[in-house]
Amino acid sequence: MRLDYLTIFPEFFDVLGISLLGKAVDNGIVDIHAHDLRTWTHDRHRTVDDTPCGGGAGMVMKPDPWGEAFDDLLGADPDPSVHVVIPTPSGTPFRQDDAAQLSHADRIVFCCGRYEGIDHRVIDYASEHWSVHELSLGDYVLNGGEVAALAMTEAIVRLVPGVLGNPESLSEESYSQDQEGLLEYPVYTRPASWRGWDVPEVLMSGHHGHIAQWRREQSRELTRRRRPDLLTDE
Ligand SMILES: COc1cccc(COC(=O)c2cn[nH]c2)c1
């Protein structure tokens, strides 16, 4: 899987060389390239933004640098197997299903916008050539798409076969189908008693049936309390 990042702060992505994703890079499972969008500017001030047509506060990212970056990185031939991801507050919610689907992609280009956003014709042009995903990390505004792109990258790449040490831990996580799409139950480890708090008896019983039942009940109760929207049968 090749991942490209178009951004005015490419150093944001140096962190991807660390730990888990670093290993995936070292053993060639993922190939990461961060690019400074200003590479594709030609004026003395390397300008990437301009005032919004129609007025309003703030600045908008000019289309030219993005178009020239696409030309260099992707060429002009349409290819639906290339996924262009634009993290934006106005995107559709990024969820585990999106991470799962994108984990099968051969190529993902993250376009990290700043200011008030990117000239919409960049999205229109990209949509004619590649598979475009305008995705939101959550209902809040960041200064730029870089942090969201990092979070999405981690959610996606950890699902790629060979990246995680023990893939079975994937199936027991929150939002995974194996949990019936519920939130994960509380977890414990040694010591059995810690600062006056004990591990629930059932987990020390060795009775796997009781433990599984307790965990299912905990997941449903936690989901009912924190995320009733995830409960389908109520
Ligand atoms: C592309 O246009 C813009 C405009 C403004 C900010 C950003 C950065 O993304 C976010 O703020 C975000 C992503 N998910 N939730 C919030 C992108």
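Just follow the structure's listing: the first ligand is 1, and inside any ligand the first atom is 1. Computed from a predicted structure; not experimentally measured.
In this model, a donor atom of one side chain and an acceptor atom of the other lie less than 3.5 Å apart for His42 and Glu68. For the residue pair Arg215/Gln218, the side-chain donor-acceptor check at 3.5 Å is not satisfied.
Set against the non-hydrogen atoms of Ser136, the atoms of ligand 1 under 4.0 Å away are 14 (N), 15 (N). Atoms of ligand 1 found under 4.0 Å from any heavy atom of Tyr140 (numbered from 1 in listed order, with element): 15 (N), 16 (C). Close contacts of ligand 1 with Val141, meaning ligand atoms under 4.0 Å from a residue heavy atom, involve 11 (O).
A heavy-atom separation below 4.0 Å is found between Tyr115 and ligand 1.
Counting protein heavy atoms only, atom 14 (N) of ligand 1 is closest to Leu137 N, 2.8 Å. Looking at atom 17 (C) of ligand 1, its nearest protein heavy atom turns out to be Pro87 O, 3.5 Å. In this structure, atom 7 (C) of ligand 1 lies nearest to the protein heavy atom Pro89 CD, 3.8 Å. When only non-hydrogen protein atoms are considered, atom 8 (C) of ligand 1 lies nearest to Gly144 C, 3.2 Å. The nearest protein atom to atom 2 (O) of ligand 1, hydrogens excluded, is given as Gly117 CA, 3.4 Å; this is a heavy-atom distance. Annotation: atom 11 (O) of ligand 1 to nearest protein heavy atom, Leu142 N, 2.8 Å.
In terms of polar-atom proximity, Leu135 is not counted as a contact of ligand 1, lacking any N or O under 3.5 Å from an N or O of the ligand. Geometrically, ligand 1 and Gly113 share no nitrogen or oxygen pair separated by less than 3.5 Å. Annotation: Gly138 places an N or O atom under 3.5 Å from an N or O atom of ligand 1; distance criterion only.
With salt bridges taken as basic N to acidic carboxylate O contacts below 4.0 Å, none links Glu217 and Arg220. Using a 4.0 Å cut-off between charged nitrogen and carboxylate oxygen, Arg158 and Glu154 do not count as a salt-bridge pair. Between Arg95 and Asp97 there is no salt bridge, since no side-chain nitrogen of the basic residue lies less than 4.0 Å from a carboxylate oxygen of the acidic one.
At least one side-chain heavy atom of Phe13 sits under 4.5 Å from a side-chain heavy atom of Leu150.
Across all non-hydrogen atoms, the minimal contact from Ala149 to Cys112 is CB-SG, 3.9 Å.
Between Trp130 and Phe70, the distance separating the two ring centers is shorter than 6.0 angstrom.
A side-chain contact (heavy atoms from CB on, under 4.5 Å) with Ile86 is found for exactly one of Leu135, Val132, Val109, namely Val132.
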